[in-house]
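Here is how names work: the chains are called A, B, and so on, in the same order as the sequence lines, proteins then strands, and each is numbered from 1. The figures that follow rest on heavy atoms only: side chains count, while hydrogens, waters and symmetry mates do not.
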Protein chains: 2
Amino acid sequence: MDKAVLFQKFVTFAAAVHEVTHELTKDIKPDDITPVQYSILEYIAVSQPVTLSQISDCKHISMPNTSRELKKLTEKNLCEKFDVAEDRRKQLIRLSAAGQTMMDETFQQIGGRFLNRIKDASAEELETINRALDVLQSKVFYE
Amino acid sequence: MDKAVLFQKFVTFAAAVHEVTHELTKDIKPDDITPVQYSILEYIAVSQPVTLSQISDCKHISMPNTSRELKKLTEKNLCEKFDVAEDRRKQLIRLSAAGQTMMDETFQQIGGRFLNRIKDASAEELETINRALDVLQSKVFYE
DNA sequence: CTCGTTGATTATCATTTGATAACTAAATGG
DNA sequence: CCATTTAGTTATCAAATGATAATCAACGAG
């Protein structure tokens with residue numbers, strides 16, 4: 001397997017993933033939430049509870065800007081901050097009840113579109129897809 | 001294979017792809033070019049020659065904004081516009097020599113990082129990765 | 001105890017991006 | 001032909017994002 005060819009395929013593949021992700025999520029993002037705010041909410045939803053620093057690191061947003069956006073999200077009652085007993089500098093962030101409901105609904109819709117996308121796949125194909133995801137995740141898209 | 005589980009894996013996977021893509025490309029983008037401009041250049045590099053409308057469609061940027069950004073790129077001598085004989089409304093966009101050189105170097109660097117990422121994979125593993133890319137591209141990330 | 005580091009906040013500013021309206025020119029379809 | 005559609009441009013405005021400096025409190029190592 002020529003590695004240069006593999007790189008070519010990787011480039012095409014990454015573009016396709018971005019495009020499909022966009023396709024699955026477009027027009028779903030709830031009103032009054034900017035793209036960056038949505039991506040933060042998504043991250044919180046999957047990884048909660050998280051600290052501000054974690055959000056900053058993982059989403060590549062500076063601390064001041066993370067703090068600003070999180071403040072807005074808190075003001076919109078979509079997430080909540082909790083003090084950490086062991087380290088009083090830190091704050092843990094979780095989705096509020098309203099935020100959880102909102103993200104649940106969002107994932108519900110995205111999931112629906114995803115299912116529609118794979119609706120023609122047979123059981124064996126689904127198994128193949130599953131293994132392919134594992135392979136790539138561990139060998140290429142790790143860390 | 002439970003489809004809901006597959007969706008969960010898809011979400012994690014898409015996030016990993018985004019993250020690794022970011023990792024591979026960060027700090028490489030040449031000076032004086034905004035992220036959106038870079039993504040346009042990338043698209044032109046892979047698909048040239050393209051029309052303004054194609055860029056607008058594929059990158060989800062409105063025509064006025066596409067026109068504006070393309071004008072800036074043209075002023076920076078990174079791409080060139082050509083009239084189309086058959087339809088004088090249209091314009092084909094290509095990278096200029098300088099733009100081509102710049103993008104070649106960029107891809108060179110990204111490719112280096114990619115190779116480093118898969119450097120421990122055996123020949124069989126590379127073949128497995130290759131097939132996994134094909135499977136996902138055709139069954140999940142199509143279109 | 002003190003110094004350096006970490007986690008977070010506020011304020012401010014420049015830049016980038018997105019959105020809209022108004023317009024030209026060329027094609028296309030009755 | 002004339003109306004409509006397509007391709008692209010320009011101008012303008014608002015909003016989102018990124019970057020920086022200054023600050024504060026709490027922790028941790030020596």
Side-chain angles (χ1 to χ4, degrees), chain A residues 18 22-23 25-44 47-76 78-94, chain B residues 18 22-23 25-44 47-76 78-94:
Chain A
H18 276 77
H22 177 269
E23 204 61 37
T25 55
K26 76 169 176 193
D27 305 328
I28 286 191
K29 301 171 190 174
D31 259 8
D32 243 38
I33 284 179
T34 71
V36 169
Q37 285 169 6
Y38 176 77
S39 84
I40 292 177
L41 284 179
E42 214 172 51
Y43 176 67
I44 299 176
S47 311
Q48 62 187 333
V50 294
T51 65
L52 265 156
S53 315
Q54 284 179 291
I55 299 175
S56 174
D57 280 355
C58 297
K59 309 263 33 164
H60 314 105
I61 306 169
S62 72
M63 274 294 283
N65 292 337
T66 305
S67 180
R68 175 183 61 199
E69 297 309 319
L70 217 54
K71 189 180 173 189
K72 291 180 191 165
L73 289 172
T74 309
E75 279 164 359
K76 288 182 217 261
L78 294 172
C79 56
E80 294 167 337
K81 302 181 183 179
F82 298 91
D83 289 342
V84 176
E86 310 87 63
D87 187 336
R88 282 160 53 204
R89 288 170 305 181
K90 294 188 184 174
Q91 298 197 15
L92 282 178
I93 320 286
R94 283 196 188 79
Chain B
H18 276 78
H22 177 267
E23 204 61 35
T25 54
K26 76 170 174 190
D27 305 327
I28 286 191
K29 299 169 189 172
D31 261 5
D32 245 37
I33 283 179
T34 70
V36 169
Q37 285 169 6
Y38 175 78
S39 85
I40 291 176
L41 284 178
E42 215 173 50
Y43 176 67
I44 300 175
S47 312
Q48 61 186 332
V50 293
T51 64
L52 265 156
S53 314
Q54 285 179 289
I55 299 175
S56 174
D57 280 356
C58 298
K59 309 263 33 166
H60 314 104
I61 306 169
S62 71
M63 274 296 282
N65 292 337
T66 304
S67 179
R68 174 184 62 197
E69 297 308 320
L70 219 53
K71 190 179 174 191
K72 291 180 190 165
L73 290 172
T74 309
E75 280 163 358
K76 289 182 216 258
L78 293 173
C79 57
E80 294 167 339
K81 301 181 183 179
F82 299 92
D83 289 342
V84 176
E86 311 87 61
D87 189 334
R88 284 162 52 206
R89 287 170 306 179
K90 293 188 185 176
Q91 300 196 14
L92 283 178
I93 321 285
R94 283 196 188 80

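- For the helix from dC1(C)-dG30(D) to dG30(C)-dC1(D), the terminal axes (five pairs an end, C1' atoms, rotation from four pairs onto the next four) enclose an angle of 40°, given to 10 degrees.
- Salt-bridge check for K72(A) with E69(A): passed, with a basic side-chain N closer than 4.0 Å to an acidic carboxylate O.
- Position along DNA chain D of the nearest nucleotide to Q37(A) versus N65(B) favours N65(B) as the more 5'-ward residue.
- Rounded to an integer number of Å, the gap from CD of E86(B) to C1' of dT28(C) is 16 Å.
- In terms of modelled atom types and a separation under 3.5 Å, the side chain of Q54(A) and the main chain of T51(A) share a donor-acceptor contact.
- Contact annotation: Q91(A) reaches the phosphate of dT9(C) (side-chain N/O to OP1 or OP2, under 4.0 Å).
- Scanning residues 47-64 of chain B for heavy-atom distances under 4.0 Å to DNA chain C yields P64(B).
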Given the rule in the side-chain contact (heavy atoms from CB on, under 4.5 Å) test, do C79(B) and R94(B) qualify, once you have shown the distances and angles that lead to the verdict? CA-CA 6 Å; C79(B) 57; R94(B) 283 196 188 80; over 6 Å; no

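- The span of DNA chain D lying next to chain A, judged by atoms under 4.0 Å from heavy atoms, is bounded 5' to 3' by dA16(D) to dC27(D).
- Here K72(A) does not reach the OP1 or OP2 of dT10(C): none of its side-chain N or O atoms lies under 4.0 Å away.
- The distance from atom CG of D83(B) to atom P of dA25(C) is 14 Å, rounded to the nearest whole Å.
- Sparse packing is recorded around NZ of K90(A), with 12 or fewer heavy atoms of other residues, nucleotides or ligands lying under 6.0 Å away.
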